[in-house]
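The next block holds one structure in the form of structure tokens; read it before the comments.
Here is the naming used below: chain letters follow the sequence lines, and residue numbers restart at 1 for every chain.
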There are 2 protein chains.
Amino acid sequence: MKISTRGRYAVRVMLDLALHDTGEYIKVKDIAKRQSISEKYLEQIISILNKAGYVHSVRGAQGGYRLANKPETYTVGMILRLTEGSLSPVSCLDNDPVQCERYSICETVMIWQRLLDAINSVIDNVTIQDLVDKHNESNASDDYVI
Amino acid sequence: MKISTRGRYAVRVMLDLALHDTGEYIKVKDIAKRQSISEKYLEQIISILNKAGYVHSVRGAQGGYRLANKPETYTVGMILRLTEGSLSPVSCLDNDPVQCERYSICETVMIWQRLLDAINSVIDNVTIQDLVDKHNESNASDDYVI
DNA sequence: CTATTTTCCTATTGCTATAGTATGAAAAGC
DNA sequence: GCTTTTCATACTATAGCAATAGGAAAATAG
């Protein structure tokens, strides 16, 4: 039941882009350095975000990435579902409607359904902007560091 | 973020034992047949439950397993944590207290902490007896089938 | 026009966990 | 002593994760 690095890194990338949004495009190299993540691996992850239109890219020198939309429009749930796939704890819930013919008599499916609902209600109610705010709270003094 | 078959099967085994509790010991072979699970694989799973004292075993002919305690004393959370290990979505929360020195400034850990709390609050509030009740509701007519 | 920077694309690799299968020993009952 | 059952352990196949690697394509700088 672990979230993979792909999903976690994707959230950190989006947060990093939000925190360093100066209007200019941000290079993978810079994000990788700040986040201590392999540059090449990060390329693959950000490419997923790019294909989904979550970030906007520019190639070539002085190129890079920036958020396609405002930080408050991205929930952690969106990002995790994009990069991790379904967050359902069992695959039988991945199809809508559920295909399994035992569904109506399955005693355990209600647990997994409740679990999925609980998971979604957490991650769909945290946006990248919330993380930015959290960052600014705990690191407010950073602004004054020379 | 999937729960493995080991954890899911363990829950089904406990439910199966609860549903077929006639006072006699129940063979792995019978559970395996009813649940459509490989006998040998089930042996390994039930062995975990046995070592933890969740079930009681008797060897030899006419041997088998039964629940060590009443169905209402087993939560799904107990069973999943036993068989799956920690259900924390990130490993940094597996240590108590958290070891990571970035903990206090980590913007994302609050998401994972909330997620873990949400997961726990679901699975710790469903007992095997709840699943028995659910079964009896949806299959009440079974009692009258010849 | 060329060199550099950066994204973009895809192949490969090492590792680990899962989901079993297989073999047989030990205990208990008939 | 034979059969039934749990108990213990070794093995295997597959898949996904977490990268690493190599280079093509696009854009800019000079």
Side-chain angles (χ1 to χ4, degrees), chain A residues 1-13 17 24-33 35-68 80 82-91 94, chain B residues 1-13 17 24-33 35-68 80 82-91 94:
Chain A
M1 279 282 284
K2 290 279 182 282
I3 291 184
S4 70
T5 57
R6 191 163 59 240
R8 288 187 287 116
Y9 289 178
V11 173
R12 286 168 60 187
V13 166
L17 289 176
E24 292 179 5
Y25 284 85
I26 298 167
K27 297 165 221 164
V28 162
K29 192 189 290 186
D30 293 340
I31 306 174
K33 191 174 291 176
Q35 299 293 329
S36 306
I37 298 172
S38 145
E39 213 175 306
K40 278 294 184 181
Y41 189 37
L42 211 52
E43 270 185 19
Q44 292 174 36
I45 292 165
I46 209 165
S47 147
I48 301 172
L49 298 168
N50 193 20
K51 279 173 187 156
Y54 288 15
V55 298
H56 183 235
S57 72
V58 167
R59 284 179 157 201
Q62 309 313 312
Y65 298 92
R66 61 174 163 79
L67 293 185
L80 290 181
L82 176 69
T83 48
E84 294 271 305
S86 160
L87 291 168
S88 155
V90 293
S91 53
D94 287 343
Chain B
M1 278 281 285
K2 290 279 182 282
I3 291 184
S4 70
T5 58
R6 192 164 58 241
R8 288 189 285 115
Y9 289 178
V11 173
R12 285 168 62 187
V13 165
L17 289 175
E24 291 178 7
Y25 284 84
I26 298 166
K27 297 166 223 164
V28 162
K29 192 189 289 185
D30 293 341
I31 306 173
K33 192 175 290 176
Q35 299 293 329
S36 306
I37 299 173
S38 146
E39 212 176 306
K40 280 294 180 183
Y41 189 36
L42 212 52
E43 271 186 17
Q44 294 174 34
I45 291 165
I46 209 166
S47 146
I48 301 172
L49 298 168
N50 193 21
K51 280 173 186 155
Y54 288 15
V55 299
H56 183 233
S57 73
V58 166
R59 284 179 156 201
Q62 310 314 312
Y65 296 92
R66 61 175 161 81
L67 293 185
L80 290 181
L82 176 69
T83 49
E84 294 271 306
S86 160
L87 292 168
S88 156
V90 292
S91 53
D94 286 344

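- The phosphate of dA19(C) has OP1 or OP2 within less than 4.0 Å of a side-chain N or O from Ser4(B).
- Atom C1' of nucleotide dA26(D) and atom NE2 of His56(A) are separated by 14 Å, given to the nearest angstrom.
- Applying the 4.0 Å criterion to OP1 and OP2 of dT7(C), one finds that Asn50(A) has every side-chain N and O outside that range.
- In this structure, the NZ atom of Lys27(A) is 12 Å from the C1' atom of dT4(C), given to the nearest Å.
- Close to dC7(D), at under 4.0 Å from its OP1 or OP2, lies no side-chain N or O of Ser47(B).
- Atom CD in Glu43(A) sits roughly 13 Å away from atom P in dA21(D) (whole-Å rounding).
- Look at CD1 on Ile48(B): it is 13 Å from C1' on dC7(D), rounded to the nearest Å.
- Distance from the side chain of Arg6(A) is smallest for dC17(D) among the nucleotides dT6(D), dC17(D), dC8(C).
- In this structure, the CG atom of Asp30(A) is 13 Å from the P atom of dT5(C), given to the nearest Å.
- The side chain of Tyr9(A) contributes no N or O atom lying less than 4.0 Å from OP1 or OP2 of dA18(D).
- You'll find that the side chain of Lys40(B) is closest to dT23(C), out of dT6(D), dC8(C), dT23(C).
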### Task
Report the C-alpha distance between Ile37(A) and Ile31(A) in whole Å, list the side-chain angles of each, state the deciding distance to 0.1 Å, and finish with yes or no for side chain to side chain contact (heavy atoms under 4.5 Å, CB included).
CA-CA 8 Å; Ile37(A) 298 172; Ile31(A) 306 174; over 6 Å; no
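- Comparing dT5(D), dA19(D), dA8(D) against the side chain of Ser38(A) picks out dA19(D) as the nearest.
- The side chain of Gln44(B) lies closest to dA10(D), out of dC8(C), dT20(D), dA10(D).
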### Query
Could you go step by step and tell me if Thr5(A) and Arg8(A) meet the side chain to side chain contact (heavy atoms under 4.5 Å, CB included) rule?
CA-CA 5 Å; Thr5(A) 57; Arg8(A) 288 187 287 116; 3.3 Å; yes
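- A straight line from CG of Leu42(B) to C1' of dT6(D) spans 13 Å, rounded to a whole angstrom.
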### Task
List the steps and the verdict of side chain to side chain contact (heavy atoms under 4.5 Å, CB included) for Tyr65(A) and Val13(A).
CA-CA 10 Å; Tyr65(A) 298 92; Val13(A) 166; over 6 Å; no
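- Side chain of Glu39(A) to main chain of Val28(A): no donor-acceptor pair is present (N/O by atom type, distance under 3.5 Å, no hydrogens or angles).
- Among the nucleotides dT18(C), dA19(D), dT5(D), the one closest to any side-chain atom of Tyr41(A) is dA19(D).
- Across all strands, Tyr25(B) comes closer than 4.0 Å to no nucleic acid atom at all (heavy-atom distances).
- Checking the phosphate oxygens (OP1, OP2) of dC8(C), a side-chain nitrogen or oxygen of Tyr65(A) falls inside 4.0 Å.
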Got a list of protein N/O to nucleotides 27-30 of chain D N/O distances below 3.5 Å?
none

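- The distance between atom CD of Glu39(A) and atom C1' of dT5(C), rounded to the nearest whole Å, is 12 Å.
- Between Ser57(B) and Asn50(B), the shortest heavy-atom distance links the atoms OG-ND2, 3.3 Å.
- Going from atom CD of Glu24(A) over to atom C1' of dT6(C) covers 15 Å, rounded to whole Å.
- For Lys29(A), counting side-chain heavy atoms from C-beta on, the closest listed nucleotide (dG24(C), dT7(C), dT6(C)) is dT6(C).
- In this structure the side chain of Arg66(A) never reaches within 4.5 angstrom of the side chain of Ile26(A), judged on heavy atoms.
- Within a 6.0 Å sphere centred on CD of Gln35(A), heavy atoms belonging to other residues, nucleotides or ligands number more than 12.
- Side chain of Lys51(B), nearest nucleotide from dG20(C), dA8(D), dT18(C): dA8(D).
- When atom types are taken as modelled, the side chain of Lys2(B) and the backbone of Ser88(A) share a donor-acceptor pair closer than 3.5 angstrom.
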